[in-house]
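Below is one structure, written out as structure tokens, with a few remarks after it.
Lettering of chains follows the sequences in order, A, B, ..., and the numbering in each one begins at 1. Hydrogens, waters and symmetry mates play no part in the numbers below; they use all other heavy atoms, side chains included.
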Amino acid sequence: MKQTGKTLQSASNSYSYKPVSDAFFHGPTLSLARNLLGCLLVKETEEGIASGFIVETEAYRGPLDRAAHSYNNRRTKRTEVMFAEPGRVYTYLMHTHCLVNVVSGEEGLPEAVLIRAVEPYDGIDLMMERRGEMPMKNLTSGPGKLTKALGIHMIDYGRRFDEPPLFIAHGFTPEKIAVGPRIGIPNSGEAKDYPWRFWVEGNPYVSR
DNA sequence: CGGACGATTCTCT
DNA sequence: GAGAATCGTCCGG
């Protein structure tokens, strides 16, 4: 199913960090979830820069989506940023892990895209320091793993994704995108079957 | 103020 | 595959 394809990095030689413009974040959430694949997720800290190509995303669609934190327009301290304009950072804590989302949907429509996996690109040594020595394929192949590797924390909540220190940069268009149901939401009724998970087919860093 | 609950990960078996 | 770890958020009392 996976673990067999070539990496994105091997498809070309060099990338520059060109943050996307604000316009990138406007439009349907399912489109944004697809468009984020192949983009770079970049985090700058005092320790240095770390980045990776986004290879897996999930869409969470506000009021209608029982699996979304903002289901039924539930507005709390945690979900507040989901109601803001698209392109903001929505971080939240899951057990002991921080998960990162790109806010989508125009102001007042609380949708978001969860970044579930990246392929390490820049700062791999730094990522290893943060995660501990381990096989490359385990470094960033999950939503909690990648935030730790890149140094993304709750301090990033509410920031914008089109400027440092945490931003999305242009990468390239993946060859083939696979689609399926989202992961880890068994108690969300029908919503658990919605095909709102997207990943780069064959990429070894996809979470599963 | 207490209790239930995860958009997870890691460690076994 | 199953089970534990582990803690902020949210909601009810």
Closer to the 5' end of DNA chain B via nearest nucleotide, is it A:Asn138 or A:Ala67?
A:Ala67
Looking for any heavy atom pair under 4.0 Å, which part of the strands does [X] touch: base, sugar-phosphate only, or nothing?
| X | value |
| --- | --- |
| A:Arg74 | sugar-phosphate |
| A:Arg131 | sugar-phosphate |
| A:Ile185 | sugar-phosphate |
| A:Asn101 | base |

Picking from [options], which would you name as closest to the side chain of [X]?
| X | options | result |
| --- | --- | --- |
| A:Thr76 | B:dG6, B:dT8, C:dC11 | C:dC11 |
| A:Tyr60 | C:dG8, C:dC10, B:dA7 | B:dA7 |
| A:Arg78 | B:dT8, C:dT9, B:dC10 | C:dT9 |
| A:Leu93 | C:dG8, B:dT9, C:dT6 | C:dG8 |
| A:His95 | B:dA7, C:dT6, B:dT9 | C:dT6 |
| A:Met82 | C:dG8, B:dA7, B:dT9 | B:dA7 |

Hey, which of A:Ile168, A:Thr57, A:Val102, A:Val118 is the one that makes side chain to side chain contact (heavy atoms under 4.5 Å, CB included) with A:Cys39?
A:Ile168
According to the interplanar angle, ranging from 0 to 90°, do the rings of A:Tyr17 and A:Phe167 count as parallel (below 30°), tilted (30 to 60°) or perpendicular (above 60°)?
perpendicular
Expressed as a whole number of angstroms, how long is the span from [X]:[atom1] to [N]:[atom2]?
| X | N | atom1 | atom2 | result |
| --- | --- | --- | --- | --- |
| A:Glu56 | B:dT8 | CD | P | 10 Å |
| A:Leu139 | B:dT9 | CG | P | 12 Å |
| A:Lys77 | C:dT9 | NZ | P | 6 Å |

What is the base-pairing partner of C:dC10, counting Watson-Crick and G-U wobble geometry with both distances under 3.5 Å?
B:dG3
If we call it a pair only when both distances are under 3.5 Å in a Watson-Crick or G-U wobble match, what pairs with B:dC12?
C:dG1
Do A:His69 and A:Tyr92 make the cut of ring centroids closer than 6.0 angstrom?
yes
Among side-chain atoms of A:Thr29 and A:Glu111, is any donor-acceptor pair under 3.5 angstrom?
yes
